[in-house]
Trainee: 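A single structure is presented below for examination.
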Amino acid sequence: VGERHLLNVVGKLARVLDGLGAVRVRDVTPHAVMAFRSKLVDSGLSHRTANAHTATLKAMLGWAVEAGLIAANPIQRLRALPEGPKHTRRNRRALTEDEITRFLA
């Protein structure tokens, strides 16, 4: 594991846990994670990015189960948001004068 990867994981976990207001594992509920994920998407992030944050949290909790630190992963069954071309966010912009002329022609 590289240093850059570690920084990315720590950053994602910090963002998720801060967004959830989670202090204990019992604070991490599927509903809370879905609401946080919706906030990410509403702020302009893609489904893929929101899923990456959720996957990082899910992996951390899965590791905690394997290590015997917690009994169960509360978001183990949480499904990812759909990804792909239909769910890609694109910034809209007005057509330029040239584009309008070509379109009308």
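The figures that follow rest on heavy atoms only: side chains count, while hydrogens, waters and symmetry mates do not.
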Trainee: Could you walk me through whether Thr54 and Val16 satisfy the side chain to side chain contact (heavy atoms under 4.5 Å, CB included) test, starting with their C-alpha distance in whole Å, then the side-chain angles of each, then the deciding distance to 0.1 Å, before giving a yes or no?
Mentor: CA-CA 8 Å; Thr54 305; Val16 172; over 6 Å; no

Trainee: Any donor and acceptor pair, going by atom type alone, linking the side chain of Asn51 with main-chain N or O of Leu81 inside 3.5 Å?
Mentor: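 Answer holds: yes.
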
Trainee: Glu99 side chain to Thr96 main-chain N or O, any donor-acceptor pair under 3.5 Å?
Mentor: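 Indeed, once roles are kept as given, a pair shorter than 3.5 Å links the two residues.
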
Trainee: Given the rule that I, L, V, M, F, W and Y join up when any side-chain heavy atoms are under 4.5 Å apart, are Val28 and Val65 in one cluster?
Mentor: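 Result: yes, single cluster for both.
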
Trainee: Is a side-chain donor or acceptor of Asp18 paired with a backbone partner of Ala14 at a separation under 3.5 angstrom?
Mentor: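 Side chain of Asp18 to backbone of Ala14, a donor-acceptor pair under 3.5 Å: no, none is there.
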
Trainee: Using the rule that Ile, Leu, Val, Met, Phe, Trp and Tyr join whenever any side-chain heavy atoms are under 4.5 Å apart, tell me whether Phe103 and Ile100 fall into a single cluster.
Mentor: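 Phe103 clusters together with Ile100.
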
Trainee: Going by heavy atoms in the side chains, are Thr29 and Pro74 under 4.5 Å from each other?
Mentor: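 They are not in contact (no side-chain heavy atoms under 4.5 Å apart), so the answer is no.
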
Trainee: Check the pair Asp27 / Leu20 against side chain to side chain contact (heavy atoms under 4.5 Å, CB included), numbers first and verdict last.
Mentor: CA-CA 8 Å; Asp27 299 332; Leu20 292 175; over 6 Å; no

Trainee: I'd like to check Leu57 versus Ile75 (side-chain heavy atoms, cut-off strictly below 4.5 Å). Are they in contact?
Mentor: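 Side chain of Leu57 against side chain of Ile75, heavy atoms only: contact under 4.5 Å found.
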
Trainee: Any side-chain to backbone donor/acceptor pair from Lys58 onto Leu78? Under 3.5 Å, distance only.
Mentor: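 Checking the backbone N and O of Leu78 against the side chain of Lys58, a donor-acceptor pair under 3.5 Å is found.
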
Trainee: To the nearest 0.5 Å, what is the distance between CZ on Phe36 and NE2 on His31?
Mentor: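 It is 14.5 Å, given to the nearest 0.5 Å.
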
Trainee: I'd like to know whether Arg37 forms a side chain to side chain contact (heavy atoms under 4.5 Å, CB included) with His53, so could you lay out the CA-CA distance, the side-chain angles of the two residues, the decisive distance to 0.1 Å, and finally the verdict.
Mentor: CA-CA 8 Å; Arg37 197 171 54 183; His53 282 74; over 6 Å; no

Trainee: At what distance, to the nearest 0.5 angstrom, does NE2 of His47 lie from CD of Glu83?
Mentor: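 If we round to the nearest 0.5 Å, His47:NE2 and Glu83:CD are 9.0 Å apart.
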
Trainee: Give a yes or no on whether the backbone of Ala52 and the side-chain of Thr56 come within a donor-acceptor separation of less than 3.5 Å.
Mentor: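 Indeed, once roles are kept as given, a pair shorter than 3.5 Å links the two residues.
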
Trainee: How far apart are the C-alpha atoms of Glu97 and Arg102, what are their side-chain angles, what is the distance that settles it, and do they pass the salt bridge (Lys or Arg N to Asp or Glu O under 4.0 Å) test?
Mentor: CA-CA 9 Å; Glu97 291 291 327; Arg102 287 186 288 142; over 6 Å; no

Trainee: Could you give the distance from CZ (Arg15) to CG (Leu17), rounded to the nearest 0.5 Å?
Mentor: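 Reported to 0.5 Å precision, the distance equals 12.5 Å.
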
